[in-house]
A.B. asks: 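This is the structure, below, for whatever I ask next.
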Amino acid sequence: MGAIFLGLDCGGSSSRAVAVNAEGVVLHSGQSGSANIASTPHFRLRQNLSQALRGCPAPTYVCGCFAGLLTPEDRDRANELVRELFPDACIHSEPDFAAAFFASEPGTDICVIAGTGSLVCSWDGKRMVKSGGRGYLLGDYGSSFQYGRDALVAYLDSPSSASTALRKTIESLFGSLDEPRIISRLYHAPSPQALLGKLAKPLAADARSGAEYALASVDRNIKRLAEIIRAHAARHLQGKTEVNLSLAGGLWKTGTVFIEAMQLELEDGPVSYKLERIKTPPVYGAVRLAQEMAHGN
């Protein structure tokens with residue numbers, strides 16, 4: 001049997017695995033829960049990886065792209081986790097944003113990821129460079145988490161003013177519309193940030209209908225994320241006046257209001273930004289990196 005290339009896209013909300021042969025034929029596709037190397041409990045991370053890889057043929061090359069991979073020690077831990085499952089494979093790990101960038105259309109200059117978390121990244125010719133991020137405690141401006149947090153706070157401050165869509169989503173997620181029960185469920189959740197991120201969709205609908213809290217949230221978050229984009233372009237794409245942005249992550253699928261607001265925010269200034277939503281799932285960017293491992297050997 002020829003070489004098998006396995007890509008892993010391990011995020012804060014879900015994880016995906018795809019294995020292909022030398023001809024690009026998909027041999028395995030799997031999905032599971034979160035596998036954030038920094039915040040997912042170790043036992044759950046191993047469990048979710050095992051589930052996504054159940055039935056996968058033994059790969060020759062593996063590239064795992066993990067949320068929360070920040071340090072060399074994180075990389076070593078990620079490699080060891082994958083090695084437990086495939087001890088004979090050549091293994092390499094990268095931050096999850098690398099998968100999104102390498103799954104983007106040719107000609108992409110910057111990838112703007114907004115899912116549960118958010119960050120801005122690009123390839124400088126030798127390595128991935130990023131701006132923003134820092135996780136939900138210290139950043140992630142323009143992420144589903146930030147919008148979801150704003151939506152829940154708006155509901156708790158004035159339940160009677162909440163839209164039907166927001167009320168239904170809250171009741172579905174928390175099993176109640178009662179504040180103490182909501183807060184208890186939130187703080188007992190394995191991933192509070194991912195749970196809150198599911199409220200971004202009703203916030204988008206509320207913004208479209210003109211709800212003041214939602215419009216303020218979109219305006220505030222888009223401005224902060226746009227600032228990070230501009231600063232990243234100035235630092236890493238010096239002199240470039242036309243920049244192609246790839247929009248990756250679940251937030252951009254929840255409502256066009258976010259894309260429209262970003263396009264409007266980036267219109268002014270000396271740099272022209274072209275926005276395009278990613279077409280290929282990021283896990284295929286991880287597959288591409290696994291294939292490039294073979295070329296480097």
Side-chain angles (χ1 to χ4, degrees), residues 10-16 31-52 66-68 70 96 113-119 132-209 211-221 224-225 249-251 253-255 257-258:
C10 300
S13 301
S14 64
S15 302
R16 288 197 63 189
Q31 190 165 354
S32 186
S34 66
N36 184 309
I37 204 74
S39 63
T40 303
H42 186 71
F43 79 92
R44 193 181 306 279
L45 199 159
R46 291 181 62 185
Q47 181 183 65
N48 289 341
L49 269 183
S50 296
Q51 182 178 334
F66 289 84
L70 301 170
D96 62 338
I113 301 171
T116 301
S118 69
L119 60 81
R134 297 179 181 167
Y136 71 101
L137 292 177
L138 299 174
D140 284 350
Y141 303 110
S143 67
S144 295
F145 159 74
Q146 291 285 2
Y147 289 115
R149 179 183 177 277
D150 288 347
L152 185 58
V153 169
Y155 169 78
L156 295 175
D157 285 349
S158 181
S160 62
S161 301
S163 67
T164 300
L166 181 57
R167 290 172 63 86
K168 284 184 176 179
T169 307
I170 289 172
E171 188 168 24
S172 174
L173 292 175
F174 298 97
S176 175
L177 291 171
D178 179 61
E179 178 170 331
R181 292 184 182 277
I182 291 171
I183 293 175
S184 175
R185 172 73 186 277
L186 177 64
Y187 284 100
H188 282 91
S191 178
Q193 63 273 33
L195 186 60
L196 284 173
K198 294 177 180 178
L199 292 173
K201 187 171 184 177
L203 180 140
D206 285 352
R208 184 66 71 191
S209 65
E212 186 176 342
Y213 91 88
L215 291 172
S217 177
V218 171
D219 182 67
R220 179 174 62 255
N221 278 285
R224 293 299 298 270
L225 188 53
L251 178 85
K253 302 175 185 177
T254 62
V257 63
F258 301 118

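Positions are given from 1 along the sequence.
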A.B. asks: Does any N or O in the side chain of S34 come within less than 3.5 Å of the main-chain N or O of G11, such that one atom is a donor and the other an acceptor?
C.D. replies: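 Not a single qualifying donor-acceptor pair exists.
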A.B. asks: Considering non-hydrogen atoms only, spot the tightest contact between A204 and G255 and give its length.
C.D. replies: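 Shortest heavy-atom contact: CB-CA, 4.3 Å.
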A.B. asks: How close do Y147 and A200 get, heavy atom to heavy atom, and via which atoms?
C.D. replies: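 Minimum heavy-atom contact is CB-CB, 4.1 Å.
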A.B. asks: What I'd like to find out is whether the side chain of D96 reaches to under 4.5 Å of the side chain of I113, using heavy atoms alone.
C.D. replies: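 When only atoms from C-beta onward are counted, I113 and D96 do not touch, as no gap falls below 4.5 Å.
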A.B. asks: Decide side-chain contact (heavy atoms from CB on, under 4.5 Å) for T169 and L173; before the verdict, give the C-alpha distance in whole Å, the side-chain angles of both, and the deciding distance to 0.1 Å.
C.D. replies: CA-CA 6 Å; T169 307; L173 292 175; 3.9 Å; yes
A.B. asks: Taking the side chain as every heavy atom from C-beta outward, state whether R181 and R185 have any atom pair closer than 4.5 Å.
C.D. replies: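 R181 vs R185: side chains apart.
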A.B. asks: Give, for atom CG of L225 and atom OH of Y141, the distance between the pair rounded to the nearest 0.5 Å.
C.D. replies: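 Atom-to-atom, L225:CG and Y141:OH are 11.0 Å apart.
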A.B. asks: Is a donor on one side and an acceptor on the other found under 3.5 Å between the side chain of N48 and the backbone of S32?
C.D. replies: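 No, N48 side chain to S32 backbone: no donor-acceptor pair under 3.5 Å.
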A.B. asks: Quick check: closest heavy atoms across S176 and D178, and the distance to 0.1 Å?
C.D. replies: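 Looks like OG-N, 2.9 Å.
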A.B. asks: Quick check: closest heavy atoms across Q31 and Q51, and the distance to 0.1 Å?
C.D. replies: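 Shortest heavy-atom contact: O-NE2, 4.1 Å.
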A.B. asks: With heavy-atom distances below 4.5 Å as the criterion, would you say the side chains of L152 and L186 are in contact?
C.D. replies: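 In contact.
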A.B. asks: Taking side chain as C-beta onward, heavy atoms only, is C10 less than 4.5 Å from L49?
C.D. replies: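 Heavy-atom side-chain distance check passes, below 4.5 Å.
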A.B. asks: Would you check if L251 and S143 make a side-chain contact, meaning some heavy-atom pair closer than 4.5 Å?
C.D. replies: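 SC-SC contact between L251 and S143 ruled out.
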A.B. asks: Roughly how far apart are L196 CG and R149 CZ, rounded to 0.5 Å?
C.D. replies: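 Answer rounded to 0.5 Å: 8.5 Å.
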A.B. asks: Considering only heavy atoms from C-beta outward, does the side chain of S217 approach that of L203 to under 4.5 Å?
C.D. replies: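 Of all side-chain heavy-atom pairs linking L203 with S217, at least one is under 4.5 Å.
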A.B. asks: Rounded to the nearest 0.5 Å, what separates atom CD in Q193 from atom CG in N36?
C.D. replies: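 These two atoms lie 7.5 Å from each other.
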A.B. asks: Judged by modelled atom types alone, do D206 and S163 share a side-chain donor-acceptor pair under 3.5 Å?
C.D. replies: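 Their side chains do contain a donor-acceptor pair, which is all the 3.5 Å distance test asks for.
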A.B. asks: Test your reading of the model: is there a side-chain donor-acceptor pair from R167 to the backbone of P159, 3.5 Å cut-off?
C.D. replies: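 Yes: the side chain of R167 pairs with the backbone of P159.
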A.B. asks: Let's go through Q146 and S118 carefully: what are the C-alpha distance in whole Å and the side-chain angles of both, what is the deciding distance for side-chain contact (heavy atoms from CB on, under 4.5 Å) to 0.1 Å, and is it a yes or a no?
C.D. replies: CA-CA 10 Å; Q146 291 285 2; S118 69; over 6 Å; no
A.B. asks: Taking all non-hydrogen atoms of both residues, which atom of T254 and which atom of K201 are closest, and how far apart?
C.D. replies: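 For T254 versus K201, the nearest heavy atoms are O-CG, 4.0 Å.
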A.B. asks: Could you tell me whether E212 atom CD has more than 12 heavy atoms of other residues or ligands within 6.0 Å of it?
C.D. replies: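 Atom CD in E212 is not packed in, count stays at 12 or less.
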A.B. asks: Step by step, would you call Y213 with L166 a side-chain contact (heavy atoms from CB on, under 4.5 Å)?
C.D. replies: CA-CA 12 Å; Y213 91 88; L166 181 57; 3.7 Å; yes
A.B. asks: Would you mind reporting whether L199 and Y155 have side-chain heavy atoms less than 4.5 Å apart?
C.D. replies: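 A side-chain contact is absent here, since even the closest heavy-atom pair is not under 4.5 Å.
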A.B. asks: Minimum heavy-atom separation for I37 to L45, with atom names?
C.D. replies: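 Distance-wise, the nearest heavy atoms are CA-CD1, 3.8 Å.
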A.B. asks: Looking at residues at least two apart in the chain, or sitting in another chain, which of them share a side-chain contact (heavy atoms from CB on, under 4.5 Å) with A207?
C.D. replies: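 Checked A207 against side-chain contact (heavy atoms from CB on, under 4.5 Å); matches are A214, L215, V218, V257.
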A.B. asks: Hey, what do you get for CD (E179) to CD1 (I183), rounding to the nearest 0.5 Å?
C.D. replies: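 CD1 of I183 is found 4.0 Å from CD of E179.
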A.B. asks: Just verifying a value: how many Å separate E171 CD and I182 CD1, rounded to the nearest 0.5 Å?
C.D. replies: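 E171 atom CD to I182 atom CD1 measures 9.0 Å (nearest 0.5 Å).
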A.B. asks: Can you sort out the partners of Y136 under ring-ring contact (aromatic ring centres under 6.0 Å, His included), two or more places apart, ordered by chain and number?
C.D. replies: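 Y136: ring-ring contact (aromatic ring centres under 6.0 Å, His included) contacts with F145.
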A.B. asks: Tell me which pairs pass ring-ring contact (aromatic ring centres under 6.0 Å, His included) where either residue lies in residues 167-192, with sequence neighbours left out.
C.D. replies: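 Passing the test, one end in residues 167-192: no pairs.
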A.B. asks: A side-chain contact here means heavy atoms from C-beta on lying under 4.5 Å apart; do D150 and R220 qualify?
C.D. replies: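 Touching, per the 4.5 Å side-chain cut-off.
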A.B. asks: Going from OG1 on T40 to CZ on R46, what distance comes out if it is rounded to the nearest 0.5 angstrom?
C.D. replies: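 Nearest 0.5 Å value for the OG1-CZ distance: 14.0 Å.
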